[in-house]
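Notes for the one structure printed next.
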Amino acid sequence: MKEAFPGIKGIPYEGPKSRNPLSFKHYNAAEVVEGKTMGEHLRFSVAYWHSFRNGCADMFGMPTRLMPWDDGSPSLENAKTRARVAFEFFEKLGAPFYCFHDRDVAPEGKTLAETNKNLDEVVKVLKQEQQRTGVKLLWGTANLFSHPRYLHGAGTTCNADVFAFAAAQVAKAIEVTKELDGAGYVFWGGREGYKSLLNTDMGRELDHLAKLLHMAVDYKKQIGFRGQFYIEPKPKEPTKHQYDSDAAACYAFLQRYDLVDHLKLNIEANHATLAGHTFQHELEFAAAIGLLGSVDANRGDLMLGWDTDQFPTDLYDTTLAMLTILKAGGFTTGGLNFDAHVARESFEPVDLFHAHIGGMDAFARGLKIAAAIRKDGVIDKFMKERYASWDSGIGANIEAGKVNFKQLSQYMLEKGNPAPNSSGRVEMLENLLNEYI
Ligand code: XLS
Ligand code: NI
Ligand code: NI
């Protein structure tokens, strides 16, 4: 096959002094940080949908991206060519993983049977390409939001037949993820929410969504898929309200429906900000409840209130994210998936490289900065001291459940007043962070 990116052999690591835009300045896959290589820490993944299916059309204009390998047709041949081009890109970039939706890789047919057959055909190519390049599947997923049949939702639709179709689609997507040895499988509820409460039975819809997930858990066991399931929070867009609105809402849902042992969270930066949180907040919450699974690495735009899915370049974001990820023990099955697309103005094939290089370098720097902060231990030490009153005496007794209201009242009546507070040193800590960045 003719090369799709003929001018580019690969993206080398050239170090921070290099001025070659087609090189890494910080991401050096083999470099060891905190006992693991950068490659093992960061587990970068390319999102098939944004990189190979998104032409960057927007509400006001047509697609702009030049993808000379793509004939624009829904043919199987085109899908197979595109798959080979995608792997040429992954390989040249040096990305160890990719992620896809079923419908990104293969065209929908006239019936479910035909659609599944198309998928099987392309999955054969994906498997060959994985074997040829060593690039692995971080996670697979089903697109349950683009086709008009899902206009009322998939797991939360009012139409039972549509639910059945969604179930069949998820079953097939889990099968192909297993076939490709995927490390995980993601549930993002694109249209699992509502436009109007006047036509929505919320309780019933939530029950149905849980049914779909339970059936998926059962099916996973049945077919022996060993990858990790994730749920991806997002508050809105395309629906006005999505049930999986943030990490806390997902956690409540998973607990209520007895799913908490079966799914972890896939946290997306831009979804966090849409929910009115920071990226780090969502990561910290997920880590605190032990469900930090994987990350969709991107960034929004403070001036725009939607999921702009830009490539991450903000060192504060990547540093704070890596601090939390390292603290949580790092990724096991998850990784950093660039759920991001090039700007509409960046329409040439080479821009796909620039975009990913920037994201990878931003996280590599974030990793190095976070590791340096952790090595010096100043923030850890401050944190430890801040909570020192819990390590002995009354604090330790409260944590151990050894005292009740009566005893605490007695304790305070005797003491009269609490020990004085210490300063939170917010600015000092912020200054410290800047020194490392
Ligand atoms: C959309 C989501 C989507 C999921 C996968 O906003 O981020 O891309 O990651 O379905
Ligand atoms: Ni995402
Ligand atoms: Ni998103």
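As the structure lists them, so they are numbered: ligands from 1, and atoms in each ligand from 1. Residue numbers count from 1 along this sequence.
Remark: the Lys236 side chain and the His241 side chain contain no N/O donor-acceptor pair separated by less than 3.5 Å. Side chains of Asp296 and Asn266: a donor on one and an acceptor on the other come within 3.5 Å. Between the side chains of Glu175 and Tyr219, at least one donor N or O sits under 3.5 Å from an acceptor N or O. A donor-acceptor contact closer than 3.5 angstrom links the side chains of Asp70 and Asn78.
Protein heavy atom closest to atom 8 (O) of ligand 1, with residue, atom name and distance, is Asp339 OD2, 2.9 Å.
Distances shorter than 4.0 angstrom do not occur between any heavy atom of His50 and any atom of ligand 1.
Asn159 places a side-chain N or O within donor-acceptor distance of the main-chain N or O of Asp161, the cut-off being under 3.5 Å.
Among residue pairs with one or both ends in residues 353-380, those qualifying as ring-ring contact (aromatic ring centres under 6.0 Å, His included) are Phe5-Phe353, Phe89-Phe353, Phe89-His356, Phe311-His356, Phe338-His356; sequence neighbours excluded.
Close approach of ligand 1 to Trp49 (heavy-atom distance below 4.0 Å) involves ligand atoms 8 (O). In the vicinity of His101, heavy-atom distances shorter than 4.0 Å reach the ligand 1 atoms 5 (C), 10 (O).
By the criterion of a separation under 2.8 Å, the protein N/O/S atoms near the Ni ion (ligand 2) amount to Glu232 OE2, Glu268 OE1, Asp296 OD2, Asp339 OD2.
Between the Ni ion (ligand 3) and the N, O or S atoms of Asp307, the shortest distance is to OD2.
Looking at Asp307 next to ligand 1, an N or O pair under 3.5 Å apart turns up. Taking any N or O of Trp139, backbone or side chain, none lies under 3.5 Å from an N or O belonging to ligand 1. Inclusion of Asn266 in the set of residues having an N or O under 3.5 Å from an N or O of ligand 1 is not warranted. An N or O contact shorter than 3.5 Å links Asp296 to ligand 1 by distance.
At a heavy-atom distance under 4.0 Å, no atom of Glu237 approaches ligand 1.
Residues that satisfy the ring-ring contact (aromatic ring centres under 6.0 Å, His included) test with Tyr48, not counting sequence neighbours, are Phe52. Residues passing the side-chain hydrogen bond (donor to acceptor under 3.5 Å, both in side chains) test with Gln128: none are found, sequence neighbours excluded.
A cation-pi geometry, defined here as NZ or CZ lying under 6.0 Å from the six-membered ring centre and within 45° of its normal, holds between Lys220 and Phe229.
Compare Gln242, Lys234, Glu232 by their heavy atoms: the one nearest to atom 4 (C) of ligand 1 is in Glu232.
Aromatic ring orientation, Tyr257 versus Phe253: tilted (interplanar angle from 30° to 60°).
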**Request:** Verify side chain to side chain donor-acceptor pair (under 3.5 Å) between Asp339 and Asn298, making sure each step is shown before the conclusion.
**Result:** CA-CA 6 Å; Asp339 195 350; Asn298 60 13; 5.0 Å; no

